Amino acid sequence: MTNAERMASRLLDAVAFDQRIRGRYDRLIQRASADGSAPPVRQRINEMLALREQVITPELLRPHMIAHYVSHFTLDELSQLVTFYESPVGQKYVTVWSGDDGVIGEVMKAAMAAHSDNPASSIDQQRKTFE
């Protein structure tokens, strides 16, 4: 692992990446349970989300997110970001960070494409049948 990759990994720790991914699944499951779909459809959605949570884990996404950060920031910039996010105000920012999951959503799509031999791709195909 390069210095930049190590720093990007520290950044993921500082911004509570793993917890945010797990929280994202919890929010999706809650939304699926609360929508007006018929019970069998809600149950199927919940099953798919639960399977996706087991397959697309923070551990699988982490290398893709590290690569994303390394491709967009220099080592010095990553170091500055880590310094900020590990500071008290940075930690406060992470705590109040809203559900801004746009980047994570894009990384999840890229991870699924990179692991197309993985069951996650079939989950995505099944999801399309509900759209």
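Note that the structure is a prediction, hence the values are computed from the model and not measured.
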### Task
Please confirm whether the backbone N or O of Phe84 pairs with a side-chain atom of Ser87, one donor and one acceptor, at under 3.5 Å?
yes
### Task
For this output row, return yes or no: ring centroids of His72 and His68 closer than 6.0 angstrom.
yes
### Message
Would you say that Met7 contacts Leu11 through its side chain, given a criterion of any heavy-atom pair below 4.5 Å between the two side chains?
### Response
no
### Query
Counting only N and O atoms by type, is there a donor-acceptor contact under 3.5 Å from the side chain of Thr95 to the main-chain atoms of Gln91?
yes
### Message
Has Thr83 got a side-chain atom pairing as donor or acceptor with Ser79's backbone, closer than 3.5 angstrom?
### Response
yes
### Query
Of all heavy-atom pairs between Ala8 and Tyr69, which one has the smallest distance, and what is that distance?
CB-CB, 4.1 Å
### Task
Applying side chain to side chain contact (heavy atoms under 4.5 Å, CB included), name anything that partners Glu86, two or more places apart in sequence or on another chain.
Arg10, Ala14, Val82
### Message
Could you work out, with salt bridge (Lys or Arg N to Asp or Glu O under 4.0 Å) as the rule, every residue matching Arg62, not counting sequence neighbours?
### Response
Asp13, Asp18
### Task
Report yes if some heavy atom in the side chain of Phe17 is under 4.5 Å from a heavy atom in the side chain of Ile21; otherwise report no.
yes
### Query
What pair of heavy atoms forms the shortest contact from Leu78 to Ala4, and how long is it?
CD1-O, 3.5 Å
